[in-house]
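Everything below concerns the one structure shown next.
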Amino acid sequence: MSATLPPLDYEYNALEPHIIEEIMRLHHTKHHQAYVNNLNAAEQNYASATTPAQKIALQAAIKFNGGGHINHTLFWKNLSPIASKGGKGGVLNDGPLKQAIVKDFGSVDNLKNELNAQTAAIQGSGWGWLGYNQKTKRLEVATTPNQDPLLNLVPLIGIDIWEHAFYLQYKNDKVTYLKEIWNVINFDEAEKRLVEASK
């Protein structure tokens, strides 16, 4: 089954002023679409490969583009317009997620500061994550390089720190981008993932 570009649950300008329309449109229709196209091509080539060497040669493309597709599909769901635009962006209500954050990080601000610091410290491109450890039953902050998906934790929130996610608006100011993105984080979606992972 071929990968497809998922539609967004909101308009490209719905996350303004925190993420501008031009970034969202390019990010979704160009960057994510390229991961989808390249993943499908790599999987087709893999299916027709006749030697182990040919299959091994294609694994990097499958990992990179497959990770890009997985990560971005999750990322779009992670975002929501702010309340004044009819969304839930930045609103963390009392519930299982907030309770877990306070238990494991002390406060919501502590979580944001830790996740932002680790994400800003990524050399080159990658992702910052809030994940759930099903063994320890705790929330953890993690990072992955490039388009590597988060595999050792259940991803709850992923933040794209590739330049295509912020450069047109924030230039090289990753710190401000990371501060602003919390205004459009869909905590309800993250909480659904946490509840499902906790079963």
Side-chain angles (χ1 to χ4, degrees), residues 1-10 12 15 19 21-79 115-116 118-136 139-170 172 174 177-178 181 185-186 189-190 192-194 196-197 199:
M1 187 170 126
S2 295
T4 57
L5 183 71
L8 301 185
D9 295 332
Y10 38 82
Y12 289 117
L15 304 182
I19 304 178
E21 177 179 358
E22 185 179 12
I23 288 176
M24 290 298 296
R25 190 177 297 277
L26 287 169
H27 200 171
H28 183 247
T29 65
K30 301 299 183 183
H31 291 280
H32 191 172
Q33 184 67 65
Y35 297 127
V36 168
N37 294 345
N38 293 333
L39 173 61
N40 288 334
E43 288 187 327
Q44 287 174 0
N45 291 334
Y46 189 90
S48 61
T50 57
T51 68
Q54 290 174 335
K55 291 184 177 183
I56 290 168
L58 289 163
Q59 288 177 0
I62 292 172
K63 178 183 178 184
F64 180 79
N65 293 292
H69 178 48
I70 290 168
N71 291 347
H72 283 87
T73 299
L74 185 146
F75 182 62
W76 308 131
K77 291 286 189 182
N78 266 161
L79 303 175
L115 183 48
N116 285 5
Q118 289 195 34
T119 304
I122 294 172
Q123 293 185 340
S125 300
W127 289 78
W129 300 98
L130 174 65
Y132 178 68
N133 187 321
Q134 290 179 302
K135 292 180 181 177
T136 65
L139 301 181
E140 297 179 19
V141 166
T143 60
T144 56
N146 302 313
Q147 289 296 352
D148 292 6
L150 186 65
L151 299 176
N152 62 324
L153 303 170
V154 176
L156 306 181
I157 294 172
I159 298 177
D160 189 348
I161 200 64
W162 280 68
E163 285 190 343
H164 64 235
F166 64 89
Y167 199 83
L168 287 173
Q169 183 172 5
Y170 295 102
N172 64 336
K174 290 190 215 177
Y177 161 68
L178 290 168
I181 199 169
I185 289 293
N186 186 345
E189 176 68 21
K192 288 177 189 173
R193 294 180 191 154
L194 173 64
E196 183 62 29
K199 291 180 178 176

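This structure is a prediction, so every number in the text was calculated from the model and none was measured.
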Where do L194 and L139 land on the side-chain contact (heavy atoms from CB on, under 4.5 Å) test, with the steps shown first? CA-CA 9 Å; L194 173 64; L139 301 181; 4.0 Å; yes
Find out whether L26 and L168 are in side-chain contact, i.e. whether some heavy atom of one side chain is under 4.5 Å from a heavy atom of the other. yes
How long is the straight-line distance from CZ of F75 back to NE2 of H72, given to the nearest 0.5 Å? 7.0 Å
Can you measure from NE2 (H69) to OG1 (T73) and round to the nearest 0.5 angstrom? 4.0 Å
Show every salt bridge (Lys or Arg N to Asp or Glu O under 4.0 Å) that has at least one partner inside residues 57-79, sequence neighbours left out. D9-K77, K63-D148
Pairing residues for L178 by the side chain to side chain contact (heavy atoms under 4.5 Å, CB included) criterion, not counting sequence neighbours: N116, T119, A120, I159, I161
Under a 4.0 Å threshold between the charged nitrogen and the carboxylate oxygen, would E189 count as salt-bridged to R193? yes
Identify all side-chain donor-acceptor contacts of residues 126-133 below 3.5 Å with residues at least two apart in sequence or on another chain.
| unit_1 | atom_1 | unit_2 | atom_2 | d |
| --- | --- | --- | --- | --- |
| W127 | NE1 | Q147 | OE1 | 2.8 |
| W129 | NE1 | T144 | OG1 | 2.9 |
| N133 | OD1 | K135 | N | 2.9 |
| N133 | OD1 | T136 | N | 3.1 |
| N133 | ND2 | E140 | OE2 | 2.8 |

If you draw a 6.0 Å radius around CD in Q118, do more than 12 non-hydrogen atoms from other residues or ligands fall strictly inside? yes
Going by side chain to side chain donor-acceptor pair (under 3.5 Å), name the residues that satisfy it together with Q134, two or more places apart in sequence or in a different chain. none
Identify each donor-acceptor pair in which a side-chain atom of residues 41-48 lies under 3.5 Å from a protein atom, sequence neighbours left out, and give them as a table.
| unit_1 | atom_1 | unit_2 | atom_2 | d |
| --- | --- | --- | --- | --- |
| N45 | ND2 | A41 | O | 3.3 |
| S48 | OG | Q44 | O | 3.3 |
| S48 | OG | N45 | O | 3.2 |

Measure the OH-OH distance between Y177 and Y170 for me, rounded to the nearest 0.5 Å. 9.0 Å
Is it true that a side-chain atom of H27 and a backbone atom of I23 form a donor plus acceptor pair closer than 3.5 Å? no
For S125, all residues meeting side chain to side chain contact (heavy atoms under 4.5 Å, CB included), sequence neighbours excluded: W162
Output all residues satisfying side chain to side chain contact (heavy atoms under 4.5 Å, CB included) with S2, sequence neighbours left out; order by chain, then residue number. N40
Sequence neighbours excluded, the answer for salt bridge (Lys or Arg N to Asp or Glu O under 4.0 Å) partners of E21 is R25
Mind listing the closest non-hydrogen atom pair of H32 and P6 along with its distance? CE1-CD, 3.5 Å
Residue set satisfying salt bridge (Lys or Arg N to Asp or Glu O under 4.0 Å) with K30, at least two apart, ordered chain then number -> none
I'd like to check the side chain to side chain donor-acceptor pair (under 3.5 Å) partners of N78; sequence neighbours left out, ordered by chain and number. none
CD1 on I70 to CG on N65, rounded to 0.5 Å: 11.0 Å
Taking side chain to side chain donor-acceptor pair (under 3.5 Å) as the definition, give me every residue that meets it alongside Q169, ordered by chain and number, with sequence neighbours left out. none
Sorted by chain and number, sequence neighbours left out, side chain to side chain contact (heavy atoms under 4.5 Å, CB included) with L8 holds for Y10, Y12, M24, H28, W76
Rounded to the nearest 0.5 Å, how far does OG1 of T4 lie from CG of N37? 11.0 Å
Heavy-atom closest pair (V154 atom, A197 atom, distance to 0.1 Å) is CG1-CB, 3.8 Å
Let me confirm one number: the CG-CD1 distance from N146 to I122, rounded to the nearest 0.5 Å. 9.5 Å
